[in-house]
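Notes for the one structure printed next.
In what follows, every chain begins at residue 1, and chains take the letters A, B, ... in the order their sequences are listed. Here the structure is a predicted model, which means the values were calculated and not measured.
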Amino acid sequence: MTDAKAYSNRKLIGLLLLGCVGMFGFGFALVPLYDVLCEKLGINGKTQSTAAEYKAVTIDTSRTVTVEFMAQTQKDMPWVFAPEMKRIQVHPGEVIRTQFHAKNLSAQQIVGQAIPSVSPGQGAAYFHKTECFCFNQQKLDANANAQLPLIFYVDTELPEQISTLTLSYTLYNITDKGYVDDVEQGAAK
Amino acid sequence: MNAITREADMDATHIGEHSTHHEEHPTGIKRWLFTTNHKDIGTLYLWFSFIMFLTGGAMAMVIRAELFQPGLQLVEPNFFNQMTTVHGLIMVFGAVMPAFTGLANWLIPMMIGAPDMALPRMNNWSFWILPFAFAILISSLFMEGGGPNFGWTFYAPLSTAYSPDSTALFVFSVHIMGISSIMGAINVIVTIVNMRAPGMSWMKLPLFVWTWLITAFLLIAVMPVLAGTVTMVLTDKFFGTSFFDAAGGGDPVMFQHIFWFFGHPEVYIMILPSFGIISAIVPAFSRKKLFGYSSMVYATASIAILSFLVWAHHMFTTGMPVFAELFFMYCTMLIAVPTGVKVFNWVATLWRGSLTFETPMLFALAFIILFTIGGFSGLMLAITPVDFQYHDTYFVVAHFHYVLVSGAIFSIMAAAYYWLPKWTGHMYSEKLGKLHFWCSVISVNVLFFPMHFLGLAGMPRRIPDYSIQFADVNQIVSIGGFAFGLSQLIFLVVVIKCIRGGEPAPNKPWDGAEGLEWTLPSPAPYHSFSTPPEVK
């Protein structure tokens, strides 16, 4: 093989390897990209993760939206977890308070984290929670009960074609993943 | 052409010199372990792929035996799941892809007039890591808790929260397969770009070379993404990251996006070289030039580019917004245009050709018809609203087996018959070849066609049991499956007989065949085109 050929081979191999490394990185870049796109376009049903301010809006009594609640637990989560009501008719702008029941069936203290999802996904941006148990981790002692509060309102800008919003919570067991004690943190301040 | 033949003759004398004073050829196992010869490595790839084809096929036989009757008969559901998973992984990464790499190794240097692949030592490595990858994968089946049971698509959280401990082995084996494919792809690109004989301009390249060049770029673009995906699965499962775990802020649906960003180009990786093979065989047995050569090149490139814009058609039922469903639906349908260009070009090549129907031609014709059926069912699946009915049913199974078995595998069979005389120096038994073809083509349709009806009637895929109304059709399908599996043993016999002896093959056994490889003697000498041929 001539030197020129060996050089052009090496150059091409270098470029192709660079391409491989680049695409490996691109695979990982898809992760933040996915989150950004979903958030900007509001398409995957993720709701905001911090409390929304209630902006004084007029209640649109001409319109009624059905809000449905679902609750499920992931595997290894020995809690009973259920909404107080399955379904409610609301007017956009109206502030609603409801709660979910949780009971720890196990003999250990367990920390849970509820992950919300709104369906249809495009409705997620119009579903505002001013208070939600999903903003914090929930700790329950063995066999303890809790009422988990949720305060929300539906935006008056909710697109016409959406007449039902389903809010689904999945409860995960995160006992092993490190618990940040909000109360103690607050006390320390 | 005359000049080329002379070159070939000169070449033959070169070989004599080589064996007397040049490197000595190791014999026995060492020859195969240390070989850097593209023909040896091609042979290794092809045999490896055939062994994997039979292994994956045996797993398919387990699946079809279990599904012969409703109810659970032979295997545990968890083992059934492992069979569907490992069958898929072996057929995709162990049978189809190595077969194409083997063909590339054997044929690309001979087709472009190069003495060997550009990177022979890397070539040796890219083959020899493969058996280890599959040994790891298959051995995971015998681990406590079983092997991978989450489908070859390893959707999270099935592959993370719910998977067996052997998932780490699955991940590492996929890493090794990926490295092997990437090395193979780099080798192919460097060979084609830098080692073409003088006068072999881009638009004179045989289509097999063109389609492989484009395939290699697809491999480089998506295999690293697959490696990233399995790495994320590994860290999610064992190291506490939350890429796909909603509890930690991840998203399981994102897995599907990343996986199919790899997965859709992957299906074209498994079909583009087929297009090249068919574009060589159809003109040879029609005794005409290929109709629309340049449109074939552009169609291949368009399919490759479009393959990056359609991944979410695998995910219509995940609850995407309507505009995204429409976008992916239209892009998917758009792929039918360049694919249609190809099918029409092949048909136009056949038109008024002086046709003969030797075994390679029979497989090529079956490819055109059956691949088109698979393409049409793909178009049906592309329609978002109907996909909601077809999703995850046997309709999908029928679709991708039509394009992969009677598509990719049939083209590999066609290629094997077409180039066997060049590889072995003997003609294969035409009688046995035809028997293999007819057994295969009938049984493959008995096997996969009724699956369309099962799917439309609602039978879900990947489930070891089914409602009794599906029993009759499943029996027919299973019988077709056993027949197809057995028919492939005829192929083994044909190949072994052809290697051992048979009518000596002339340099160009097919009178309509074109290409530099036919200017070489049969069997092709160990070193060919040491002096590059002049291409006019």
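Per-residue counts of heavy-atom pairs under 4.5 Å with chain A were compared for B/M122, B/M320, B/M232, B/M254; the largest is that of B/M254. When the candidates B/F217, B/F262, B/Y162 are compared by the number of heavy-atom contacts under 4.5 Å with chain A, B/Y162 comes out ahead. Chosen from B/D251, B/I189, B/N187, the residue pairing most often with chain A at heavy-atom distances under 4.5 Å is B/D251. Among B/A185, B/G240, B/A227, the residue with the largest count of heavy-atom pairs under 4.5 Å with chain A is B/A227. The most heavy-atom pairs under 4.5 Å with chain A, out of B/P115, B/A246, B/A161, come from B/A246.
Contact annotation for A/L16: both backbone and side-chain heavy atoms come within less than 4.5 Å of a heavy atom of chain B. Looking at B/T318, neither its backbone nor its side chain comes within 4.5 Å of chain A, counting heavy atoms on both sides.
Heavy atoms from other residues, nucleotides or ligands lying under 6.0 Å from CE of A/M70 number 12 at most. A/K11 NZ: 12 or fewer foreign heavy atoms inside a 6.0 Å radius. Surrounding CH2 of B/W125 are at most 12 heavy atoms belonging to other residues, nucleotides or ligands under 6.0 Å away. Open room surrounds OH on A/Y7; 12 or fewer heavy atoms of other groups in view lie less than 6.0 Å from it.
Taking NE2 of B/H257 as the start and SG of A/C38 as the end, the distance is 6.5 Å to the nearest 0.5 Å. From A/L17, atom CG reaches atom CD1 of B/I186 across 4.0 Å, with rounding to the nearest 0.5 Å. Atom CD1 of B/I220 and atom CG of A/L18 lie 11.0 Å apart (nearest 0.5 Å).
Contact residues of residues 25-37 of chain A toward chain B are A/F26, A/G27, A/F28, A/L30, A/V31, A/Y34 (heavy-atom distance under 4.5 Å).
Here the shortest heavy-atom pairing between A/K5 and B/M195 reads NZ-CA, 4.1 Å. Taking all atoms of both residues into account, the shortest heavy-atom contact from A/F24 to B/G228 is CE1-N, 3.4 Å.
For the side chain to side chain contact (heavy atoms under 4.5 Å, CB included) with A/S8, the lone residue among B/N194, B/V190, B/V193 that qualifies is B/N194. When each of B/L226, B/V225, B/I182 is checked for a side chain to side chain contact (heavy atoms under 4.5 Å, CB included) with A/M23, only B/V225 meets the rule.
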